[in-house]
Amino acid sequence: MPTPTWTPMANITLGSAASSVTFSNIPNTYRDLILIVEGTATGNANINLQFNGDTNANYSWIAMSGDGSAGSSFGQSGITNAPATRFGYFVTGNRSNSIIQIMDYSATDKHKVFLSRSNNVTSGTDAQAARWANTAAIYSIRLIFQSGSLSIASGSTFSLYGVL
Amino acid sequence: MPFGLGFFATAGVSAAGGSYELITSTILTGSQSSVTFSNLGDYSSTYQHLQIRYVARTDRGTYADDAMTMTFNNDTTSGNYKSHVLSGGGSSGFISGVSSDDDWFGTTAIGNITTNVASSGIFGSGVIDIFDPYENKNTTSRNLSGFHVSDTAIASYAAVRIQLSSHLWMNTNAVSSITLDQGGGSNFVQYSRFSLYGLKASA
C-alpha cells in the first residue's frame, strides 16, 4: 500500500542574518532528508555542512560546475565540512537556491552521502556529491556560510523534509 | 542559530494531499544480482511520474566504480535506449558530455556507484526521475548521482564521480517493470537500498 511521504519537518525564514543554521533533534523516522535553501548572503558565501557536531576531517566532496563560460570539476577529501555549493553560492542582491538530498541519513550501516544541486544566475550552477565518513544516524545538521565568516541574509528560507 | 525540530517532525504530517508516495523499498540483506520493480501497471491510473532513490554498491573487483543500468519492461533490444551524461571526476578535472547514444547492450547506463574495492560503508547514490511512464510516448528519465571514495589507490578518476544523465527508452508502451542492474560486478551488495516513489498529477 503506497504511503504518502515528503513530510515537512521544519520551515524557517530568517528574521536576521545568520552565519550558521543548525537543525537539531532530527528523528530517525525517515529514510532520506531533503533540505531546500533559498536566499541571499552578505557576500559570496558557500554553504558548508557538518553533521552531528563532527568538526573533524571526516568529509569529502566532488563538484561539477558551470560558470556561464566553461564547465569544470573539483573535489577534496579529508576536510572538516562538506560544501553543498561551489559556483552556485549565495550572493548579495540576486537570489540563490540549493536542494540537498541526504540519502539514508538514519541508516547505521553505511557512510552518509548527500547530493546537491545549487544555482545562482550571476555566478553559476553546480551538481555535487559529498560523503561524511561516519555510519551513525544523522541527528543534527549545521549549515555554515563561508566557514562562518559571512552570513546568509534575513528573509532567506530553509525547508527540511523527511522522505520514507 | 539552532532550530530544534518540533511538532511536524515527529507527528508524521505528510505533504498536502499525499501527492508524493512511497510505493516500495528494497533493502538488500545479502548480495543480489539485480532489483526489479514489477507490476507497475497497477499504478497507471494513480501516478503521472515515478522516482527511484538509491544508495548502492556492487561486488566488482579491481575498480572503485561500477555502472548502474536500467531496463524497462525487460526490453533488452539493442538500440532501444539512448543516453547522455555529464560526468565530473573531481581534482583530476575530468569532465565529459557524451554526445551520442549510449545503448549498453540493450539497456541504458544511468550512473556509477561504488564497489567492494572501496572501504566498508562507502556507497554511491542517486535520484532517478522517470517522466510520464504511462503515456503513449517514449519514456524519458534523468539521474543525479555521485560518490566519493577517497581511500583507494585506484586511478583517481574512478574514485570520485558526480554525474547528470538523461535517458530515453524508445518504446511507447506503458512501463510495467523497471530493472536495475550493474555493469561490471555480479551483484549489488548487502545494505544497498532502492526505493520507488509515485508522483500524482494532482492531489
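Here is the naming used below: chain letters follow the sequence lines, and residue numbers restart at 1 for every chain.
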Q. Is there any residue in residues 171-180 of chain B with a non-hydrogen atom under 4.5 Å from a non-hydrogen atom of chain A, and which ones are they?
A. none

Q. Considering heavy atoms only, which positions within residues 42-57 of chain B lie below 4.5 Å of chain A?
A. B:Tyr43, B:Tyr47, B:Arg53, B:Tyr54, B:Val55

Q) Rounded to the nearest 0.5 Å, how far apart are CD1 of B:Ile162 and CD of A:Gln128? A) 7.5 Å

Q) From A:Arg131 CZ over to B:Thr114 OG1, what is the distance, rounded to the nearest 0.5 angstrom? A) 9.0 Å

With the side chain counted from C-beta on, respond yes when [X] and [Y] share a heavy-atom pair under 4.5 Å apart, and no when they do not.
{"X": "A:Val163", "Y": "B:Tyr20", "answer": "yes"}
{"X": "B:Gln163", "Y": "A:Met64", "answer": "no"}
{"X": "A:Thr5", "Y": "B:Glu21", "answer": "no"}

**Q.** Test side-chain contact (heavy atoms from CB on, under 4.5 Å) applied to B:Ser125 and A:Leu115, step by step
**A.** CA-CA 8 Å; B:Ser125 68; A:Leu115 302 170; 3.6 Å; yes

Q.
Whether A:Lys110 engages the ring of B:Tyr191 as a cation-pi pair (distance to the six-membered ring centre under 6.0 angstrom, angle to the ring normal within 45°) should be assessed.
A. no

Q: Against chain B, label A:Ser116 side chain, backbone, both or neither, depending on which of its atoms sit under 4.5 Å from a heavy atom there.
A: backbone

Q. If you look at every heavy atom in B:His148 and A:Ser77, which pair is closest and at what distance?
A. CE1-CB, 3.7 Å

Q) Hey, does the side chain of A:Ser73 reach the backbone of B:Gly89 with a donor-acceptor pair shorter than 3.5 angstrom? A) yes

